Protein chains: 2
Amino acid sequence: MLTVKEAATQLNMSEHTIRYYTDQGLVPSVQRDKNNHRIFDQSALNWLQGCHNLRLTGMSIENVKHYVDLCLQGKKTIPERYQLIEVQYQHAQQQLKDAQNRIRFLERKKQLYEAELNSDSADVLNPDTWPNIKVCPNKTK
Amino acid sequence: MLTVKEAATQLNMSEHTIRYYTDQGLVPSVQRDKNNHRIFDQSALNWLQGCHNLRLTGMSIENVKHYVDLCLQGKKTIPERYQLIEVQYQHAQQQLKDAQNRIRFLERKKQLYEAELNSDSADVLNPDTWPNIKVCPNKTK
DNA sequence: GCTCGACTTCGAGTAACCCGAAGGAACTAG
DNA sequence: CTAGTTCCTTCGGGTTACTCGAAGTCGAGC
């Protein structure tokens, strides 16, 4: 049985977020002790973790809540739940690709900077370090 | 030379976001035509894309702006820029790992649901479809 | 001249936290 | 027994990065 703080440490979430999720009804199995403090068993931790994962794939709090509610309604909602998971799975795949693209982008930048840093001829301008720099006003006054 | 809408299509960003970025000074090379409409050349597109990438690795608008300002100050800021890029590179690596973890999570869920959907014995409860469901109040009244 | 569509600015709205104040139990030391 | 510390509680306002919509301008086509 863990406190908010312990759960936050274990799941790598902020205490604020955990309270927020429980208040939103995303964690059906959370209990309170005699001091009205939230206490988390393994089931509650699993819900938290699951909801967090769904959030991180771009599902809104509202839709996560809907999914949780479906779970509570029993096996008859499995087809709909499967659909929802499938959609988020596609999102997650896209996120993976996006992350890979960003890594490539940053790797290229790093390499350009490394080349600049190691070059003795500090005056040779590498025009590709960043595209043509042409300053101009952004706002019309 | 592209309009806001065309740039949005090409870079897969919303028009709103593009205007927001230009207004925040993240795109030094953006120009205006005689009707005061923003027009984007290749350089402006590159800045937009680059800023977007930095944002998506978790850099705040404020810090992206700082980075852009450093770029405009010339080669002497390259060491600091390199540091900033390196930090975001680490973030991007972490994001990749997180995305992979989420995919594994969703794959497991999908498999469990698929098993449920294909099982003839619809009454056999698979307790692992979602952890112990125990409904209880979340708020003390 | 009129409508259409794409652009402009600007101010307000939104989601999902995030923070901090104010207060209540429970433990620990003196 | 009191004081201090540490954890928790609720609650309301703040923040970031968009996101939206209203109201207006401009040039092209009919």
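In what follows, chains carry the letters A, B, and so on, assigned in the order in which the sequence lines appear, proteins first and then strands, with residues in each chain numbered from 1. What you see is a predicted model; the values in this text were computed from it and never measured.
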Examine the side chains of A:Arg102 and B:Gln95 and answer whether a donor and an acceptor come within less than 3.5 Å of each other.
yes
Closest-nucleotide mapping onto DNA chain D: is B:Lys34 or B:Glu62 further toward the 5' terminus? I mean the 5' end.
B:Glu62
Would you indicate, yes or no, if D:dT9 has its OP1 or OP2 atom less than 4.0 angstrom from a side-chain nitrogen or oxygen of A:Asn35?
no
Nearest to the side chain of B:His37, heavy atoms from C-beta on, is which of C:dA16, D:dC8, C:dT8?
C:dT8
What is the distance, rounded to the nearest whole Å, between atom NE2 of B:His52 and atom P of D:dA17?
12 Å
Considering all heavy atoms, the nearest B:Arg38-B:Val30 contact
CB-CG2, 4.2 Å
Check each of A:Glu80, A:Arg81, A:Lys75 against A:Thr77 using the side-chain hydrogen bond (donor to acceptor under 3.5 Å, both in side chains) test, and report the only one that passes.
A:Arg81
Which of residues 1-8 of chain B sit near DNA chain C, with a heavy atom under 4.0 Å from it?
B:Thr3, B:Val4, B:Lys5
What is the distance, rounded to the nearest whole Å, between atom NZ of B:Lys65 and atom P of D:dA17?
14 Å
Of the nucleotides D:dT19, C:dT8, C:dA16, which has the atom closest to the A:Ile61 side chain?
C:dA16
Please give, in whole Å, the distance from D:dC11 P to A:Asp23 CG?
9 Å
Would you check if there is a donor-acceptor pair between the side chains of A:Asn53 and A:Gln49 at a distance under 3.5 Å?
no
Reckon A:Asn36 has a side-chain N or O less than 4.0 Å from the OP1 or OP2 of C:dG24?
no
Between D:dA17 and B:Arg19, is there an OP1 or OP2 to side-chain N/O distance shorter than 4.0 Å?
no
Nearest whole angstrom, please: distance from the C1' of D:dT10 to the OH of A:Tyr20.
16 Å
State whether a side-chain donor-acceptor pair under 3.5 Å links B:Gln94 with B:Asp98.
yes
Could you tell me which residues satisfy side chain to side chain donor-acceptor pair (under 3.5 Å) with B:Gln100, sequence neighbours excluded, listed by chain and number?
none
Between atom CG in B:Leu11 and atom P in D:dC18, what is the gap in whole Å?
14 Å
Enclosure of B:Asp33 CG (heavy-atom neighbours >12, cutoff 6.0 Å)
yes
Does a side-chain N or O from A:Arg38 land closer than 4.0 Å to OP1 or OP2 of D:dC8, or not?
no
Rounded to whole angstroms, how far apart are CE on B:Met13 and P on D:dA17?
13 Å
Separation of D:dT16 P from B:Met59 CE (nearest whole Å)
16 Å
Among D:dG21, D:dA17, C:dA25, the one nearest B:Arg55 by side-chain distance
D:dA17
Would you say a side-chain N or O of B:Thr17 is under 4.0 Å from OP1 or OP2 of D:dA17?
no
Between A:Arg32 and D:dT10, is there a side-chain N or O to OP1/OP2 distance below 4.0 Å?
yes
Here the distance between atom P of C:dT9 and atom NE2 of B:His16, to the nearest Å, is 13 Å
How close do A:Ser29 and A:Ser43 get, counting heavy atoms only, and between which atoms?
OG-OG, 3.0 Å
